[in-house]
Amino acid sequence: MSMIRDLRAAVRPSRRRDDSEPAAPACANSAIVDCGVYREGHRVRKHLSPAEAMASVRADGGFAWIGLHEPTEAEFAGIAQEFGLHPLAVEDAVHAHQRPKLERYDDTLFTVFKTVHYVEHAELTATSEVVETGEVMCFIGRDFIVTVRHGGQGSLRALRHRLQDDPELLAKGPSAVLHAIADQVVDGYIAVAGAVQDDIDEVEIDVFSSGTTGKGAGGKGGDAGRIYQLKREVLEFKRAVSPLLRPMQLLSERPMRLVDADIQKYFRDVADHLARVNEQVLSFDDLLNSILQANLAQAAVAQNEDMRKITAWAAIFAVPTMIAGIYGMNFQYMPELHWKYGYPAMMLVTVAICTGIHRGFKRNGWL
């Protein structure tokens with residue numbers, strides 16, 4: 001099978017490797033997860049320092065792939081000097097918390113991807129964390145790629161193993177690695193979008209079922225805090241997806257010296273998937289706004305119903321209060337004051353009036 005047909009199978013795993021497998025002890029630098037040299041698609045050198053890897057590449061060709069996890073300035077300084085990385089990009093890579101972007105510094109491309117992980121939860125609450133974000137940053141040169149990862153998820157070790165199983169693809173150089181990373185990140189977006197959709201569906205069902213069963217705002221679906229929390233998580237998801245549209249468009253449409261022409265074609269597929277996820281995330285925001293408005297409307301209706309009931313009962317109790325107030329004024333000459341049956345008659349009149357008012361409210365739906 002040709003490299004073109006193998007490309008999608010190579011970057012998408014048929015099985016998930018355990019990310020907890022021990023990192024290669026290639027470098028003394030504690031931030032370095034792995035460091036290897038690839039020549040004609042095969043890994044030819046293992047357990048190298050970045051300086052040794054670059055020396056091997058310059059002497060015999062191929063490219064070096066150095067992977068780091070949350071390096072400090074001191075840990076990254078030597079690597080930045082060895083590969084001639086721009087100080088501004090180095091600062092972004094060390095401190096993280098960057099927007100997804102694509103920048104060119106001399107003969108180096110610097111890309112930032114936001115990784116997104118869905119946080120499993122038994123029940124969505126007003127404090128549930130739904131999505132967890134991290135970052136993967138890539139420095140791409142003619143004969144090297146340096147990946148810097150931030151966060152506890154988004155490991156690239158399994159991806160490295162899958163690429164090593166496809167030497168024809170790796171022979172295309174660092175741009176093949178960049179595409180594989182972009183594809184894995186966007187595939188993660190698709191998976192998270194599906195899980196978030198399930199959460200939104202659950203909230204939507206709860207909100208509208210609570211309205212039909214009479215629970216109103218006091219029911220489970222009436223908890224506006226859950227909806228606001230889900231909106232905040234969707235906003236965080238949106239911040240990872242939307243800014244990446246432009247970089248993917250550039251990688252898929254604009255010719256670049258550092259991106260192999262055969263690989264560039266497949267960035268279009270990644271860009272297309274990203275565009276679809278972005279549309280889905282935007283629809284999440286609109287749908288949650290509609291659900292929130294429906295929830296608030298149900299709360300308002302429930303409050304109106306409660307006020308009507310309170311008003312009706314107040315009107316009923318106003319009758320005995322008025323009669324008791326009149327006959328409690330202690331005037332000497334009052335109708336039926338000295339009549340033997342005056343008290344039971346007045347009680348019967350009071351009960352009759354209250355009963356009539358109650359039936360009227362009941363018939364009109366106030367009680």
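Sequence positions, counted from 1, serve as the residue numbers for this chain.
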For [Y], is there any backbone N or O sitting under 3.5 Å from a side-chain donor or acceptor partner on [X]?
X      : Y      : value
Gln98  : Ala96  : yes
Arg39  : Phe63  : no
Glu168 : Gly41  : no
Glu135 : His97  : yes
Glu103 : Phe110 : no
Gln264 : Val259 : no
Asp260 : Asp262 : yes
Thr108 : Arg104 : no
His150 : Val148 : no
Ser252 : Gln249 : yes

Test side chain to side chain donor-acceptor pair (under 3.5 Å) on Asp143 and Tyr38; report intermediate values, then the result.
CA-CA 10 Å; Asp143 51 10; Tyr38 299 86; over 6 Å; no
One pair to check against ring-ring contact (aromatic ring centres under 6.0 Å, His included): Phe83 and His86. What are the steps and the verdict? CA-CA 9 Å; Phe83 292 96; His86 196 278; over 10 Å; no
For His42 and Gln164, which I'm curious about, is there any donor-acceptor pair between the side chains at under 3.5 Å?
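Side chains of His42 and Gln164: no pair found under 3.5 Å.
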Distance-only donor-acceptor check, side chains Arg232 and Gln229, under 3.5 Å: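 Indeed, the side chains of Arg232 and Gln229 share at least one donor-acceptor pair under 3.5 Å.
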Tell me, do [X] and [Y] make a side-chain contact under 4.5 Å, heavy atoms counted?
X      : Y      : value
Asp286 : Ser283 : no
Val37  : Arg43  : no
Val112 : Leu102 : no
Val241 : Leu274 : yes
Ile79  : Ile32  : yes
His117 : Val131 : no
Val177 : Leu170 : yes

Arg276, CZ: over 12 other non-hydrogen atoms inside 6.0 angstrom: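 Yes - once you tally the heavy atoms of other residues, nucleotides and ligands closer than 6.0 Å, there are more than 12.
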Just checking Glu129: does its CD atom have more than 12 heavy atoms from other residues, nucleotides or ligands closer to it than 6.0 angstrom?
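More than 12 heavy atoms, drawn from other residues, nucleotides or ligands, come within 6.0 Å of this atom.
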Pairwise distance [atom1]([X]) to [atom2]([Y]) - rounded to 0.5 angstrom:
X      : Y      : atom1 : atom2 : answer
Ile66  : Thr147 : CD1   : OG1   : 8.5 Å
Arg246 : Leu251 : CZ    : CG    : 10.5 Å
Leu68  : Leu156 : CG    : CG    : 11.0 Å
Leu258 : Asp107 : CG    : CG    : 7.0 Å

Inset, instruction - For Glu204, enumerate each residue passing the salt bridge (charged side-chain N to carboxylate O under 4.0 Å, His left out) test, keeping only those at least two apart in sequence or located in another chain. - result: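 Counting only residues at least two positions away or on another chain, Glu204 forms no salt bridge (charged side-chain N to carboxylate O under 4.0 Å, His left out).
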Could you list all the ring-ring contact (aromatic ring centres under 6.0 Å, His included) pairs where at least one residue sits in residues 227-246, not counting sequence neighbours?
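Every pair satisfying ring-ring contact (aromatic ring centres under 6.0 Å, His included) with a residue in residues 227-246: there are none.
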- request: May I have the step-by-step check of side chain to side chain donor-acceptor pair (under 3.5 Å) for Asn289 and Gln293, ending in yes or no?
  value: CA-CA 6 Å; Asn289 285 334; Gln293 292 300 320; over 6 Å; no
- prompt: Would Ile190 and Val116 show up in the same hydrophobic cluster when neighbours are defined by side-chain heavy atoms closer than 4.5 Å?
  reply: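 Result: yes, single cluster for both.
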Exercise for review: Indicate yes or no: does Asp34 engage Arg157 in a salt bridge with an N to O separation below 4.0 Å.
Suggested key: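 Answer for the salt bridge query: no.
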